[in-house]
Amino acid sequence: MNDLLAFILSQDEFRKNRLPSLYSDFAIHRKTNPDGYAVNVSAWEQALLKAARHGYISSSSIPSPSSSRRKNNHLILRADEGLLRALETAEWGRPVALGAVLDEAVQNRVMVPLQVYRASSTSLDKPGWNLIDPSVLSPWNVMSWGLKQLKGVVVGSGSTPHLQAQDLVLVENLKETAGLVVKQAMSQNPSKTDLVYSKERFVNEFATVLHEESELSNDDLDVLLLYLSRDSGAIAYDGETIKFRSSNDTSREITQQDTAIGSIKTTLSAMTKQVESLEKKIAELNATAKTALHNKNRISALAALRSKKLAEHNLKQRLDTMTQLEEVYSKIEQATDQVQFVQAMEASTGVLRGLNTEIGGAARVEDVVDELREEMSKVDEVGTIMNEAGPQIDETEIDDELEELESKERQEEEEREAEETRQKLAELDYLEQRAKEAARTPSAGQGVDTALEESIGRLSRMSVEEGHGTTS
């Protein structure tokens with residue numbers, strides 16, 4: 001069992017009890033059982049998208065000799081006889097309705113024919129994007145379409161579509177990969193020069209962005225660059241140099257400076273690999289010389305040392321050249337930052353000039369301040385005049401009225417104290433009368449005496465409290 005089939009069968013939608021239905025000619029039930037038809041189509045679409053995302057779709061790209069990772073299609077599905085063979089099982093054979101599945105995917109824009117996608121002049125993200133583009137129509141295509149329609153009338157439209165050999169762009173995978181590339185490129189606040197890539201460096205940087213163990217194929221990268229430049233507008237691309245656009249106002253054109261920056265960065269990357277290779281070679285030659293001396297083989301040791309000296313000379317030249325290139329690149333970065341700084345100052349100067357024009361200069365500000373002060377003084381004058389026009393109040397009358405109020409307050413207080421004194425005396429007379437009556441009635445004498453004592457004590461407390469109040 002190949003890796004693709006093993007991955008497909010490991011999906012939940014491809015449980016053993018579902019395989020008879022998924023491998024059957026379910027396309028004939030499109031009208032009689034639309035729900036079952038839709039479920040099977042969706043299961044195949046998602047399984048193929050996931051398989052491509054994980055690198056199980058084979059590619060015609062030649063693997064890179066410097067990379068140990070496999071290079072497969074992640075964004076493009078090659079629908080042909082080879083795909084049917086790869087999906088064939090010993091028990092259920094080939095998926096008979098796979099042609100219908102891919103037709104549905106194309107109709108729903110889950111997949112797009114590669115030829116149509118490349119020839120389209122509009123963005124895939126626009127709602128008005130059409131699968132049939134007038135620019136890709138030819139007399140042969142029109143005649144082929146007419147024959148297919150005639151065949152459908154003769155044979156019947158209910159027959160299962162035959163699997164057409166074609167390359168299909170996997171739209172969901174394409175958009176996901178583009179988003180990951182932009183996110184990685186824009187992370188850590190890159191400078192303007194950091195956003196410029198040569199195509200070679202772009203491949204080295206983002207080939208494994210979707211899956212760490214599988215690189216994007218050459219066709220994948222071409223489609224990805226087309227989507228990023230034409231559809232999402234995230235980059236400017238001229239076939240050799242890629243520039244990520246940090247904002248909407250960033251130019252869509254690749255300038256001569258961008259090409260130079262990309263070239264320097266590519267050269268630095270290549271020389272870094274050469275330095276690593278030379279360092280490894282020097283270490284190996286050194287080990288060879290030591291081994292030859294240990295084996296008493298002086299001639300081999302001398303040859304290894306000569307080769308080592310030559311490699312060290314080449315290494316020194318590479319390092320000197322890298323130092324010069326890094327210095328040049330550093331100056332370019334510095335100059336780029338200075339350009340941005342000057343542009344910011346120019347923009348700020350324009351803003352200040354416009355604001356100063358609106359203000360009218362220092363003389364106009366002085367005039368405005370003088371006018372403001374004059375108007376404020378007028379307000380003060382008006383207030384003074386209004387205060388003078390108000391009624392004149394005699395302060396002597398106010399003092400007399402206040403004294404009269406205080407006198408009335410004292411008189412009312414004295415009357416209240418006199419009334420309280422009268423009430424106390426009346427209570428005392430009442431208690432004395434009760435005492436006399438109690439004297440005539442001995443049986444109640446003790447209770448009356450107690451009541452009399454309480455009353456006298458209460459009167460005493462009242463007198464004390466009154467004394468304190470008067471003192472206060």
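The structure displayed is predicted, hence computed values, not measured ones.
- Here the side chain of Arg245 pairs no donor or acceptor atom with the backbone of Ser229 at under 3.5 angstrom.
- Inter-residue side-chain proximity for Asn2 and Leu5 is flagged as met; some heavy-atom pair is nearer than 4.5 Å.
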Acceptor/donor pairs from residues 192-206 side chains to any protein atom, 3.5 angstrom cut, sequence neighbours excluded:
unit_1 : atom_1 : unit_2 : atom_2 : d
Thr193 : OG1    : Ser191 : OG     : 3.1
Thr193 : OG1    : Glu333 : OE2    : 3.1
Asp194 : OD2    : Ser191 : N      : 3.1
Asp194 : OD2    : Ser191 : OG     : 3.0
Ser198 : OG     : Arg201 : N      : 3.2
Ser198 : OG     : Thr266 : OG1    : 2.2
Asn204 : ND2    : Glu200 : O      : 3.3

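- Evaluation of the side-chain hydrogen bond (donor to acceptor under 3.5 Å, both in side chains) rule for Glu326 yields no partner, not counting sequence neighbours.
- A donor-acceptor pair shorter than 3.5 Å cannot be found between the side chains of Asp320 and Thr323.
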Please tabulate, for the side chains in residues 352-364, all donor-acceptor contacts under 3.5 angstrom to protein atoms that are two or more places apart in sequence or on a different chain.
unit_1 : atom_1 : unit_2 : atom_2 : d
Asn356 : ND2    : Leu352 : O      : 3.2
Thr357 : OG1    : Arg353 : O      : 2.7
Arg364 : NH1    : Ile359 : O      : 2.4

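- Residue pairs meeting the salt bridge (charged side-chain N to carboxylate O under 4.0 Å, His left out) criterion with at least one partner in residues 162-171, sequence neighbours excluded, are Arg78-Asp167.
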Distance-only donor-acceptor pairs under 3.5 Å for side chains of residues 303-313, two or more places apart:
unit_1 : atom_1 : unit_2 : atom_2 : d
Ser307 : OG     : Ala303 : O      : 3.1
Lys308 : NZ     : Asn286 : OD1    : 3.2
His313 : NE2    : Gln317 : NE2    : 3.2

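- Judged by distance alone, the side chains of Ser217 and Asp220 do bring a donor and an acceptor atom under 3.5 Å apart.
- When all heavy atoms are compared, the tightest approach of Ala47 to Phe7 is O-CE2, 4.2 Å.
- By the side chain to side chain contact (heavy atoms under 4.5 Å, CB included) test, Val342 pairs with Met345, Glu346, sequence neighbours left out.
- Summarising the geometry of Tyr23 relative to Pro95, their closest heavy-atom pair is CD2-N, 3.5 Å, with the distance given to 0.1 Å.
- When the side chain to side chain contact (heavy atoms under 4.5 Å, CB included) test is applied to Ser330, no partner is found at least two apart in sequence or on another chain.
- For the salt bridge (charged side-chain N to carboxylate O under 4.0 Å, His left out) test, no residue two or more places apart in sequence or in another chain qualifies with Glu327.
- Listed by chain and number, the residues in a salt bridge (charged side-chain N to carboxylate O under 4.0 Å, His left out) with Glu91 amount to none (sequence neighbours excluded).
- Around atom CG of Leu402, more than 12 heavy atoms belonging to other residues, nucleotides or ligands sit under 6.0 Å away.
- Take Arg94 and apply the salt bridge (charged side-chain N to carboxylate O under 4.0 Å, His left out) test, not counting sequence neighbours, and it matches Glu81, Glu88.
- For Lys280, there are no salt bridge (charged side-chain N to carboxylate O under 4.0 Å, His left out) partners at least two apart in sequence or on another chain.
- Judged by distance alone, the side chains of His74 and Thr177 never bring a donor and an acceptor atom under 3.5 Å apart.
- Side-chain atoms of Thr267 come within 3.5 Å of backbone N or O of Ser263 as a donor-acceptor pair.
- Within the 3.5 Å criterion, the main-chain N or O of Val110 finds no donor-acceptor partner in the side chain of Asn108.
- Trp44 contributes no side-chain N or O that, together with a main-chain N or O of Leu98, makes up a donor-acceptor pair within less than 3.5 Å.
- Listed by first then second residue, pairs satisfying salt bridge (charged side-chain N to carboxylate O under 4.0 Å, His left out) with a partner in residues 12-22 number zero, not counting sequence neighbours.
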